Protein chains: 2
Amino acid sequence: MRPSARKIASVLTQKGYKLTAQRRAVIDVVVNSRQHLSPAALYERVRRTHPAIGLVTVYRTLEMLYELGLICRVHRGGKSRSYTLAPSVHHHHLVCAQCGTVADFTRCDLEVLQQRISRETGFKIEGHLLQFLGHCRDCQTRA
Amino acid sequence: MRPSARKIASVLTQKGYKLTAQRRAVIDVVVNSRQHLSPAALYERVRRTHPAIGLVTVYRTLEMLYELGLICRVHRGGKSRSYTLAPSVHHHHLVCAQCGTVADFTRCDLEVLQQRISRETGFKIEGHLLQFLGHCRDCQTRA
DNA sequence: ATAGTAAGTGAAAACCCTTTTCAGTTAGAT
DNA sequence: ATCTAACTGAAAAGGGTTTTCACTTACTAT
């Protein structure tokens with residue numbers, strides 16, 4: 001179940017952050033977007049309801065939400081980052097090298113590998129970073 | 001076995017690229033470095049033996065070597081890229097969250113997962129990024 | 001309600017890394 | 001030795017992100 005804008009707002013006030021109109025607007029866009037969005041794309045959408053907002057504020061709000069673990073950030077090789085609502089389920093990303101589209105997938109099945117690596121290296125493994133890079137259906141068709 | 005500077009140079013001439021002093025210098029640094037280096041770090045090192053070289057040339061040479069598959073490029077979230085000699089074996093990293101030690105491991109066994117993801121999403125998968133994060137043996141003992 | 005204050009805002013500038021432009025130089029073919 | 005396309009370095013441009021700073025505002029304490 002996706003976190004609501006209300007829930008996120010309450011975390012903010014609880015942590016001592018002020019609940020400004022700008023922050024509400026950014027949160028609303030993030031909550032109502034299904035896709036990963038770049039700061040610029042988010043800015044565009046926020047401006048529809050809040051034309052006076054600055055790109056800087058969008059950056060700052062995203063950074064804050066990210067620090068609080070409310071949204072997650074994906075790096076797209078060299079280009080801009082993208083943000084999306086923090087999902088309730090453990091999942092990973094699949095990035096299109098051409099258009100930057102990000103798809104999600106679950107069930108990474110890394111437990112067995114993780115156990116082997118742990119045994120071989122003596123590391124106590126606490127997490128993993130897994131991302132696939134490729135070309136999405138649309139870009140394949142276009143080519 | 002690591003490719004030699006001579007081998008790389010011969011690929012260049014074979015492909016019709018000119019073998020300039022600057023390119024030789026960049027290749028030498030890459031071949032003699034064990035770690036991944038950012039363009040800036042590489043530039044610093046190349047300048048020791050070739051003070052007049054421009055950063056642009058370093059970028060251009062790295063791009064060229066990358067296009068030829070002679071070196072590989074790693075994206076480090078948000079920051080600069082880094083380059084290293086194309087390794088003979090496919091491998092991944094295991095990073096200690098405490099001391100920063102990096103261990104390598106091979107056999108990531110992601111083919112099955114990769115096929116499933118490809119089938120489910122329609123993406124043509126070309127590569128993956130896998131990294132484990134944990135605590136190394138030494139840091140566990142110390143704690 | 002009101003005033004006070006620290007937090008937050010937007011515009012512009014600064015930053016970093018990377019790419020492009022352009023006039024001058026050079027490796028390698030003839 | 002000559003020629004020419006490829007290559008070079010400096011400077012400027014570019015894109016995304018962060019910093020700076022004067023102004024504004026959400027919340028707190030009267």
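All figures in this text were calculated on a predicted structure; none of them were measured in a lab. Each chain gets a letter, A, B and so on, in the order the sequences are listed, and its residues count up from 1.
- Side-chain contact of A/Asp104 with A/His93: a donor-acceptor pair under 3.5 Å is present, judged by distance alone.
- Using a 4.5 Å heavy-atom cutoff, the side chains of B/Leu62 and B/Pro39 are in contact.
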Intra- and interstrand pairs of DNA chain C - dot-bracket, Watson-Crick/G-U under 3.5 Å, | marks other strand: ||||||||||||||||||||||||||||||
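- Using modelled atom types, one finds a donor on one side chain and an acceptor on the other under 3.5 Å when comparing A/His135 with B/Glu126.
- Close to D/dA6, at under 4.0 Å from its OP1 or OP2, lies no side-chain N or O of B/Arg23.
- Outside the 6.0 Å centre-distance limit, the rings of A/Tyr43 and A/Tyr59 are not counted as a close aromatic pair.
- Straight-line distance from the CE atom of B/Met64 to the C1' atom of D/dA6: 12 Å, rounded to whole Å.
- Following rounding to the nearest Å, B/Glu67 (CD) and C/dT19 (C1') show an atom-to-atom distance of 14 Å.
- Ion pairing between A/Glu63 and A/Arg60 fails under the 4.0 Å rule for side-chain N and carboxylate O.
- Using a 4.5 Å heavy-atom threshold, the side chains of A/Phe132 and A/Val95 count as separate.
- Protein atom CD1 of A/Ile53 is 10 Å distant from nucleotide atom P of C/dA11, rounded to whole Å.
- The shortest non-hydrogen separation linking A/Leu113 to B/Cys108 is CD2-O, 3.4 Å.
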Reading 5' to 3' through nucleotides 18-29 of chain D, protein heavy-atom contacts under 4.0 Å coded B for base, S for sugar-phosphate only, - for none: BBB-----BS--
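- Connection of B/Ile71 to B/Leu55 is established within a shared hydrophobic cluster, with ILVMFWY side chains joined at heavy-atom distances below 4.5 Å, either directly or through further cluster members.
- Residues of residues 43-52 of chain B having a heavy atom closer than 4.0 Å to DNA chain C: none are found.
- Classification of A/Arg107 and B/Glu120 as a salt-bridged pair holds, one side-chain N sitting under 4.0 Å from a carboxylate O.
- Rounded to an integer number of Å, the gap from CG of B/Leu42 to C1' of C/dC17 is 14 Å.
- The distance between atom CG of B/Leu62 and atom C1' of C/dT19, rounded to the nearest whole Å, is 14 Å.
- Aromatic ring orientation, A/His92 versus A/Phe105: tilted (interplanar angle from 30° to 60°).
- Taken together through direct or relayed side-chain contacts under 4.5 Å among Ile, Leu, Val, Met, Phe, Trp and Tyr, B/Val56 and B/Ile53 form parts of separate hydrophobic clusters.
- If you find the closest nucleotide of DNA chain C to A/Gly16 and to B/Ala40, the one lying nearer the 5' end belongs to A/Gly16.
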